[in-house]
K.L.:
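Input: one structure, supplied below.
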Protein chains: 2
Amino acid sequence: MYIPLINHIEKFISLDENETQLLRDALQFKTLKKKENLLHAGQICHHQYFIIKGCCRNFIINDKGNEQTTQFGIENWWLSDFLSYHNERPSDFYIQAIENSEIIAIEKIDMEDLLVKVPKLERYFRLVLQKAFGASQMRIKYLYTQSAEERYHFFNDSFPEFTQRIPQYMLASYLDFSPEFLSKIRAGKV
Amino acid sequence: MYIPLINHIEKFISLDENETQLLRDALQFKTLKKKENLLHAGQICHHQYFIIKGCCRNFIINDKGNEQTTQFGIENWWLSDFLSYHNERPSDFYIQAIENSEIIAIEKIDMEDLLVKVPKLERYFRLVLQKAFGASQMRIKYLYTQSAEERYHFFNDSFPEFTQRIPQYMLASYLDFSPEFLSKIRAGKV
DNA sequence: GCAACTTCTTAAACTACTTCAAGTTTTTTT
DNA sequence: AAAAAAACTTGAAGTAGTTTAAGAAGTTGC
């Protein structure tokens with residue numbers, strides 16, 4: 001059940017038998033029902049989560065009480081509140097399954113221990129974070145330069161597999177506009 | 001002249017004499033005049049930059065031909081286009097000095113070599129990226145939940161040292177509104 | 001110390017998007 | 001199969017921000 005993660009890691013570095021075993025020992029496997037939370041706002045985020053199967057999201061609840069999705073994750077993607085994790089401060093985010101999902105959780109204390117025993121993995125996580133941070137720079141670029149309609153079409157063209165899986169109101173909030181406006185874009189009434 | 005970086009690294013890991021020397025050998029020191037570019041859109045970003053003294057920014061030029069600042073950096077901060085760096089694809093970003101600055105550049109080829117010789121540094125860069133990505137998650141949260149005026153006051157309260165150093169029109173574009181609107185916020189005419 | 005350039009301000013007209021409210025369709029539960 | 005809940009659509013009214021244009025103030029270079 002840990003194979004997808006091991007495969008993902010081996011795209012970046014190679015592990016021997018012993019290292020793979022140490023890795024396995026640090027991991028926890030979880031199955032999640034749709035809408036089940038991995039993290040609740042107010043909690044310290046003690047884990048990083050790797051999605052084996054399914055689809056999850058990060059979201060916040062804004063001042064008006066609406067959920068605002070800030071990030072999606074599907075297979076082979078890591079999710080966490082990295083600042084809460086890093087500083088061990090309460091999070092503002094929820095992490096929630098959008099579909100029934102299977103995920104791997106690694107707890108910070110086990111992660112730190114694992115990284116001492118298998119320092120090669122520092123490289124893997126550095127590379128994952130480098131890509132993620134780079135993607136986040138691009139995301140800010142698109143938020144700053146594209147109109148709502150452009151962001152919608154760009155997202156659909158870039159990630160067609162997502163559009164099928166996530167409710168529109170979540171996509172609207174991720175793209176930073178209202179669900180009503182998304183309806184209008186789709187109907188060509190903009 | 002590399003002391004500030006070595007101090008920064010030693011907040012996260014410790015290096016012996018030999019490792020410090022290998023590090024020094026990989027670094028390039030540069031002085032920059034105000035408005036000088038470290039990266040020009042269209043180029044592949046082959047470096048990561050650490051600011052010793054001064055102030056720099058990432059920006060793009062949007063469809064209307066306006067500069068849009070997406071990131072600021074001051075002392076002890078790393079700047080790069082991490083996706084261009086990672087994938088070795090042309091960048092959409094400019095990296096530019098806002099003040100006369102002193103920076104350390106490390107070229108990707110030297111970085112990779114250094115990380116093989118001093119694998120401990122993988123940990124340093126992982127931790128730097130983890131913090132940066134976490135900060136970026138928070139930034140998206142604020143962009144999504146705060147009004148223009150709230151973003152301005154929040155930025156001023158959180159980073160008072162910046163407001164003195166950067167022109168308002170750059171701050172306005174970083175906060176994702178027009179310079180004219182920033183004038184109105186400051187005048188209390190909103 | 002003047003000229004040239006850069007940055008900031010103001011106000012009026014405009015627009016991309018939100019909000020509200022009601023109705024329809026789809027999905028889930030029993 | 002019915003009932004309940006969740007998700008989507010539509011249109012009218014409102015607003016947070018942009019755009020344009022002109023002038024004022026501040027900086028920099030020679």
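As the structure is a prediction and not an experimental result, all values here were calculated from the model. Labels below follow one simple rule: chain letters A, B, ... track the order of the sequence lines, proteins then strands, and each chain is numbered from 1. Worth knowing before you read on, the calculation uses all heavy atoms, side chains too, and leaves out hydrogens, waters and symmetry mates.
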K.L.:
Side chain of A:Phe181 only, heavy atoms from C-beta on: which candidate in D:dG17, C:dT18, C:dT9 is closest?
P.N.:
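Selected nucleotide: C:dT18.
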K.L.:
Between P on D:dG17 and CZ on A:Phe177, what's the gap in Å once rounded to a whole number?
P.N.:
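One finds 18 Å between P of D:dG17 and CZ of A:Phe177, rounded.
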K.L.:
It should be established whether A:Arg186 places a side-chain nitrogen or oxygen under 4.0 Å from OP1 or OP2 of nucleotide D:dC8.
P.N.:
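No, A:Arg186 has no side-chain N/O under 4.0 Å of OP1/OP2 on D:dC8.
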K.L.:
Could you tell me the separation between the CD1 atom of A:Ile98 and the P atom of D:dA6, rounded to a whole number of Å?
P.N.:
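These atoms are roughly 16 Å apart.
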K.L.:
Could you tell me the separation between the CG atom of A:Leu182 and the C1' atom of C:dT19, rounded to a whole number of Å?
P.N.:
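The distance from CG of A:Leu182 to C1' of C:dT19 comes to 16 Å, rounded to the nearest Å.
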K.L.:
Between B:Lys120 (side chain) and B:Ser14 (backbone), is there a donor-acceptor pair under 3.5 Å?
P.N.:
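Yes, the answer is positive, given that a donor and an acceptor are paired below the 3.5 Å cut-off.
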K.L.:
Measure the distance from CD1 on A:Ile185 to P on C:dA16 and round it to the nearest whole Å.
P.N.:
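Value for this atom pair: 12 Å.
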K.L.:
Of all heavy-atom pairs between A:Asn76 and A:Pro4, which one has the smallest distance, and what is that distance?
P.N.:
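Looking at all heavy atoms of both residues, the closest pair is OD1-O, 3.9 Å.
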K.L.:
C:dC8 P sits how many Å from B:Ile166 CD1, rounded?
P.N.:
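My rounded result for the distance is 10 Å.
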K.L.:
If you only use heavy atoms from C-beta on, which nucleotide in C:dT18, D:dA7, C:dC8 is closest to the side chain of A:Lys184?
P.N.:
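Looking only at heavy atoms from C-beta outward on A:Lys184, the closest nucleotide is C:dT18.
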K.L.:
5'-most contact on DNA chain D: B:Lys34 or B:Gln146, nearest heavy atom basis?
P.N.:
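This one resolves to B:Gln146.
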K.L.:
Tell me which nucleotide among D:dG11, D:dA7, C:dC8 gets nearest to the side chain of A:Tyr169.
P.N.:
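For the A:Tyr169 side chain, the nearest candidate turns out to be D:dA7.
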K.L.:
Between atom CG in A:Asp176 and atom C1' in C:dC17, what is the gap in whole Å?
P.N.:
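For the pair A:Asp176 CG and C:dC17 C1', the rounded distance is 11 Å.
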K.L.:
Whether the side chain of B:Gln146 engages the backbone of B:Leu143 through a donor-acceptor N/O pair (distance < 3.5 Å, no angle test) should be reported.
P.N.:
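Checking the backbone N and O of B:Leu143 against the side chain of B:Gln146, no donor-acceptor pair under 3.5 Å is found.
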K.L.:
Just compare C:dT19, D:dT18, C:dT6 and give me whichever is closest to any side-chain atom of B:Ser178.
P.N.:
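Between C:dT19, D:dT18, C:dT6, the one nearest the side chain of B:Ser178 would be D:dT18.
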K.L.:
By nearest atom, which of the nucleotides D:dT19, D:dA7, C:dT7 is closest to the B:Glu180 side chain?
P.N.:
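Out of D:dT19, D:dA7, C:dT7, the nucleotide with an atom closest to B:Glu180's side chain is D:dT19.
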K.L.:
Any donor-acceptor pair under 3.5 Å linking the side chain of A:Asn156 with the backbone of A:Pro160?
P.N.:
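Checking the backbone N and O of A:Pro160 against the side chain of A:Asn156, no donor-acceptor pair under 3.5 Å is found.
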K.L.:
Rounded to the nearest Å, what distance is computed from the CE atom of residue A:Met170 to the C1' atom of nucleotide C:dT27?
P.N.:
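Distance, rounded to whole Å: 14 Å.
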K.L.:
Would A:Arg57 and A:Phe59 count as a cation-pi pair here, with the cationic atom under 6.0 angstrom from the ring centre and within 45° of the axis?
P.N.:
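Pair A:Arg57/A:Phe59 counts as cation-pi.
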K.L.:
If you only use heavy atoms from C-beta on, which nucleotide in C:dT18, C:dT9, D:dA7 is closest to the side chain of B:Ser183?
P.N.:
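Out of C:dT18, C:dT9, D:dA7, the nucleotide with an atom closest to B:Ser183's side chain is C:dT9.
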K.L.:
Take the protein atom CG of B:Asp63 and the nucleotide atom C1' of C:dA16, then report the distance between them rounded to whole Å.
P.N.:
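Taking CG of B:Asp63 and C1' of C:dA16, I get 16 Å after rounding.
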K.L.:
Would you say B:Lys35 reaches C:dT6's phosphate, i.e. side-chain N/O to OP1/OP2 under 4.0 Å?
P.N.:
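For C:dT6, neither OP1 nor OP2 has a side-chain N or O of B:Lys35 closer than 4.0 Å.
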